[in-house]
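The structure appears below as structure tokens.
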Amino acid sequence: MDIILLGPPGAGKGTQSQRLVDSRGMVQLSTGDMLRAAVRAGTPVGLKAKAIMDAGELVSDAIVSALIGEHLDQSRTQGAIFDGFPRTQNQAEALDILLDERGRNLAHVIELEVDEEALVERITGRFTCATCSAPYHDRFKPTAVQDQCDVCGGHEFKRRPDDNEQTVRTRMAEYRAKTAPILPYYEARGLVSRVDGMAKMDEVTRQIDAVLDGAA
Ligand code: AMP
């Protein structure tokens, strides 16, 4: 079963995708993660994407569609969760072609509905352990001991360079202007379900499970 998780930055797409990976053996295809890996590796795509990502703008449709195409075949059996893709109408159409070519089709598009102001606080406070990637938040989930990871005891932490307020606001504006308008494309096919992204994490997971199990 292939699904799309849609929602502005910080809506919880990554967290919920990870839960679906753990509970259902699905494969998470996050264009943001792919681009960050390309930036770290210094590939030509990474070099092109870095400044655009740091500004909170969208990388070209051709680049992200090609990345998705490359990764899609890994997820042949269990189903894919598209996280952060598609973000434009062109990408939505490119995804249809990529799936069609492989004899696959979308089962669900799940929109995480959220309050944007709350998201700014959610995103600008988040950080991870540089050693084991355990996720934390300045206000909602600080480390138990200051500057020490609860999981591995590490003392180094990382923040995404695009998690500052100005970039977050640009990322939200990009979502409103270019991504939210693709919903009707999927609504016309009866694929869209809405989930309350402001609910507690477990409740969001429960609502997503209900959609996937046909109980919503
Ligand atoms: P994310 O991790 O999904 O928040 O993505 C981080 C950044 O990567 C975005 O702000 C964009 O600059 C870029 N990006 C990720 N996915 C896409 C996409 N599907 N289309 C264009 N740019 C993307």
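Residue indices begin at 1 and follow the sequence shown. Here the structure is a predicted model, which is why all the values come from computation and not from measurement. Counting starts at 1 for both ligands and their atoms, in listed order.
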Quick check: are there more than 12 heavy atoms from other residues, nucleotides or ligands sitting under 6.0 Å from CD of Glu203? yes
Geometric N/O contact Glu57 with ligand 1, under 3.5 angstrom: yes
For atom 4 (O) of ligand 1, the protein heavy atom that lies nearest, with its residue and separation: Arg160 NH2, 3.2 Å
Any side-chain donor near an acceptor of the partner, Arg87 and Thr179, under 3.5 Å: no
If we only count N/O pairs under 3.5 Å, is Arg87 in contact with ligand 1? yes
Can you sort out which atoms of ligand 1 are near Arg36, meaning under 4.0 Å from one of its heavy atoms? 2 (O), 6 (C)
Shared ILVMFWY cluster between Met53 and Val168, side chains joined below 4.5 angstrom? no
Where is the nearest protein heavy atom to atom 13 (C) of ligand 1: which residue, which atom, and how far? Leu35 CD1, 3.6 Å
Is the shortest side-chain N to carboxylate O distance from Asp2 to Arg102 below 4.0 Å? no
Taking atom 20 (N) of ligand 1 as the reference point, the nearest protein heavy atom with its distance: Gln91 NE2, 2.9 Å
Counting only nitrogen or oxygen atoms and a 3.5 angstrom limit, does Ser30 reach ligand 1? no
Using heavy atoms and a threshold below 4.0 Å, how should the contact between Met53 and ligand 1 be classified: side chain, backbone, both, or neither? both
Classify the side-chain pair Asp150/Thr143 by whether it contains a donor and acceptor separated by less than 3.5 Å. no
Should Asp54 and Arg160 count as an ion pair when the cut-off is N to O under 4.0 Å? no
Within the side chain of Thr167, is there an N or O that forms a donor-acceptor pair under 3.5 Å with the backbone of Asp162? no
So is Glu174 close enough to ligand 1, meaning a heavy atom under 4.0 angstrom away? no
Just heavy atoms, cut-off under 4.0 Å: does Asp162 contact ligand 1 by side chain, backbone, both, or neither? side chain
Does the distance from a Lys or Arg side-chain N to an Asp or Glu carboxylate O, for Glu116 and Arg171, drop under 4.0 Å? no
For atom 22 (N) of ligand 1, the protein heavy atom that lies nearest, with its residue and separation: Val59 N, 3.0 Å
Proximity of Val64 to ligand 1 by residue part, where a heavy atom lies under 4.0 Å: side chain
Note: Asp96-Arg189 ion pair, threshold 4.0 Å (strictly below): yes
I want to know if ligand 1 touches Phe85 in the polar sense, i.e. an N/O pair below 3.5 angstrom. no
